[in-house]
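Because the structure is a prediction, the values reported are computed rather than measured. For this chain, numbers begin at 1 and follow the sequence in order.
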Amino acid sequence: MMDRRQLLRGIAAGALAAEAFPTEKLFAQSQTTPAPSTPTPTYRRENTWPGKKLILAIADPQEWYSSAGYHHDSASHTLATVERLGRESGLWTTIIRTDMHLLTKEEIPGANVRTLNHFDAVFYMGEGPWNITDRQKADLLSFVHDDGKGFIAGHAGNGGHLLLWPEYAAMIGGNLIGEFPTADMPIILEDPNFPGVQGFPRDFKFKDQYTIVGPNYSRDVDHVIMRMDPSKFKETFDAVRPDPNSRATAEQVRQRFEKLAALRSDGDYPIVWAKKYGKGRVWYSTFGHLEQTLDDARVQQMYVGAIKWALGLVDADITPHPLPVKL
């Protein structure tokens, strides 16, 4: 227990402290000393995957859902497959998005938020109408053209209001103007040496929905890897049967295929190609409307080869060539 002398010593010490630092001085100091300023936040971008290429993968984005466009059942599976192939190969890491928020070079507030400045390539599957700002459009084009990054487009990634954004149509190399209904279409492999296509024979059939490209497509620019074979269109169209849920007759279906084929008068129906866009690399494939297409081992191998090429991990001769008369 504290005795009387200890108590008096404690009271005296408290008095001396109060005299040395009076309350008025403390109050005055609080009024004259400026409060520390709040520093401007610096947003960290952690290198979570050192040594790996980084891909921003988008399919049927939110910005599209305000339009009357078609929404693909295969979109989710496509994104999941691209992500898995990167993990299994150990070559790239995929950031999956269903919106176009990260398609910008402007800083986005928030911890660890990555923009185009942090990616090595963009994978896009879907149409349009590309409801993004003019700044975003310019950033995406410069990402490929000026920064030398990659752009991989799957299925309808060459369609959707491209005539309203002709610069994108020029980048992709062939805008969608029509699509054949899902059918076993005859295909020719023009370039068996391009990375990833070695699983396909020179001539084969494959069931999917195939796009028809418009007048901005040119073999002077695009290196065609695969095309449909129009010499086998007649037998193909004759063999197509109407959907059981449709009221269309077999003749009506055949006429529809013929009308779509007439969209190109030159007999050239490219479905996979590669091209340069400025410093960057662009690859497009019509495959992927059907979900099961992504489960085909040959298609998966093709996507791995295409992504490796777009990322600059492998090279290929993509010199444009004319439509072959005979392979």
Chi angles and distances behind the side-chain contact (heavy atoms from CB on, under 4.5 Å) call for R227, E190: CA-CA 7 Å; R227 76 177 192 275; E190 283 194 23; 2.8 Å; yes
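- Side-chain atoms of P192 and R202, non-hydrogen and from C-beta on, do get closer than 4.5 Å to each other.
- With hydrogens and angles disregarded, no donor-acceptor distance shorter than 3.5 Å links the side chain of Q301 to the backbone of V299.
- Its side chain outside the 4.5 Å cluster rule for every partner, L290 clusters with none of the Ile, Leu, Val, Met, Phe, Trp and Tyr residues.
- Under a 3.5 Å cut-off, the side chain of H118 and the backbone N or O of T115 do form a donor-acceptor pair.
- Heavy atoms only, all atoms of each residue included: R114 and L102 are closest at O-CD2, 3.2 Å.
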Apply the test ring-ring contact (aromatic ring centres under 6.0 Å, His included) to residues W283 and F123: give CA-CA distance (whole Å), side-chain angles for both, the deciding distance (0.1 Å), then the verdict. CA-CA 10 Å; W283 182 90; F123 174 90; 8.5 Å; no
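- Across E179 and A156, no two heavy atoms sit closer than the pair OE2-CB, 4.5 Å.
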Yes or no on side-chain contact (heavy atoms from CB on, under 4.5 Å) for D238 and K234, after CA distance, side-chain angles and deciding distance? CA-CA 6 Å; D238 288 343; K234 184 181 185 309; 3.0 Å; yes
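- Applying the 6.0 Å contact sphere to CG of D73 captures no more than 12 heavy atoms from other residues, nucleotides or ligands.
- Looking at every heavy atom in both residues, L260 comes nearest to I212 through O-CD1, 3.4 Å.
- Formation of a donor-acceptor pair under 3.5 Å by the Y303 side chain with backbone atoms of L294 is not found in this model.
- Side-chain atoms of E83 do not come within 3.5 Å of backbone N or O of T94 as any donor-acceptor pair.
- Taking each heavy atom of L189 and P201 in turn, the nearest pair found is CB-O, 3.5 Å.
- Between the side chain of S74 and the main chain of G288, a donor-acceptor pair closer than 3.5 Å is present.
- Residues satisfying the side chain to side chain contact (heavy atoms under 4.5 Å, CB included) test with P320, not counting sequence neighbours, are none.
- For the atom pair CG of L56 and NE2 of H101, the computed distance is 11.5 Å after rounding to the nearest 0.5 Å.
- Shown here are the side chain to side chain donor-acceptor pair (under 3.5 Å) partners of D208, two or more places apart in sequence or in another chain: T293.
- Contact of the D295 side chain with the H77 side chain is registered, since non-hydrogen atoms from C-beta on lie closer than 4.5 Å.
- Looking at every heavy atom in both residues, A121 comes nearest to L311 through CB-CD2, 3.6 Å.
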Test side-chain contact (heavy atoms from CB on, under 4.5 Å) on M185 and Y269; report intermediate values, then the result. CA-CA 11 Å; M185 296 296 285; Y269 300 86; over 6 Å; no
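- Between I95 and F119, the closest side-chain pair of non-hydrogen atoms falls below 4.5 Å.
- Although no hydrogens or angles enter the test, the distance criterion places no donor-acceptor pair under 3.5 Å between the side chain of W273 and the main chain of V221.
- Listed by chain and residue number, F180, F237 satisfy the ring-ring contact (aromatic ring centres under 6.0 Å, His included) test with F257 (two or more places apart in sequence, or in another chain).
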Walk me through whether E167 and K137 qualify under salt bridge (Lys or Arg N to Asp or Glu O under 4.0 Å). CA-CA 9 Å; E167 294 83 3; K137 290 180 179 181; over 6 Å; no
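- Taken to the nearest 0.5 Å, the CZ atom of R241 stands 13.5 Å off from the CG atom of D243.
- Taken to the nearest 0.5 Å, the CD atom of Q292 stands 7.5 Å off from the NZ atom of K207.
- Remark: N158 CG to I177 CD1 distance equals 10.5 Å, nearest 0.5 Å.
- If you chain together hydrophobic residues whose side chains sit under 4.5 Å apart, Y210 and M125 fall into the same group.
- With hydrogens and angles ignored, the 3.5 Å screen pairs a side-chain donor or acceptor of D229 with a backbone N or O of S231.
- L103 and W165 fall within a single hydrophobic cluster, where Ile, Leu, Val, Met, Phe, Trp and Tyr side chains are chained together by heavy-atom contacts under 4.5 Å.
- Not counting sequence neighbours, the partners of E258 by the side chain to side chain donor-acceptor pair (under 3.5 Å) test are R254.
- Side-chain atoms of E235 do not come within 3.5 Å of backbone N or O of K232 as any donor-acceptor pair.
- Contact of the F200 side chain with the I187 side chain is not registered, since no non-hydrogen atoms from C-beta on lie closer than 4.5 Å.
- Considering only heavy atoms from C-beta on, K205 comes within 4.5 Å of T236 through its side chain.
- The stretch residues 212-232 participates, sequence neighbours left out, in these ring-ring contact (aromatic ring centres under 6.0 Å, His included) pairs: H223-H321.
- Atom CZ of R219 has more than 12 neighbouring heavy atoms from other residues, nucleotides or ligands inside a 6.0 Å radius.
- Hydrophobic clustering (side-chain heavy atoms under 4.5 Å, transitive across Ile, Leu, Val, Met, Phe, Trp, Tyr) keeps I96 apart from I152.
- With hydrophobic clusters built from ILVMFWY side chains whose heavy atoms lie under 4.5 angstrom apart, L85 does not share a cluster with Y284.
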Stepwise side-chain contact (heavy atoms from CB on, under 4.5 Å) check, Q300 with E88: CA-CA 12 Å; Q300 292 183 11; E88 290 178 351; 5.6 Å; no
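- Between I172 and Y277, every side-chain heavy-atom pair lies at or beyond the 4.5 Å cut-off.
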After noting the C-alpha distance and the side-chain angles of S142 and K105, does the key distance pass the side-chain hydrogen bond (donor to acceptor under 3.5 Å, both in side chains) rule? CA-CA 10 Å; S142 70; K105 292 183 179 180; 2.8 Å; yes
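- Between the side chain of T93 and the backbone N or O of L54, no donor-acceptor pair lies under 3.5 Å.
- A salt bridge links R281 with D315: the distance from a Lys NZ or Arg NE/NH1/NH2 to an Asp or Glu carboxylate oxygen falls below 4.0 Å.
- A distance-only check finds a donor-acceptor pair linking the side chain of D266 to the backbone of D268 [under 3.5 Å].
- Counting heavy atoms from C-beta on, the side chains of V304 and K308 come closer than 4.5 Å.
- Side-chain contact between H155 and T286 is present, with heavy atoms from C-beta onward closer than 4.5 Å.
- Between the CG atom in D99 and the CD1 atom in I58 there is a gap of 7.0 Å [rounded to 0.5 Å].
- Remark: I55 CD1 to L79 CG distance equals 11.5 Å, nearest 0.5 Å.
- Among all heavy-atom pairs drawn from G214 and R264, the shortest one is O-NH1, 3.4 Å.
- Residue V213 is not grouped with residue V272 when hydrophobic side chains (ILVMFWY) are merged at heavy-atom distances under 4.5 angstrom, including chains of intermediate members.
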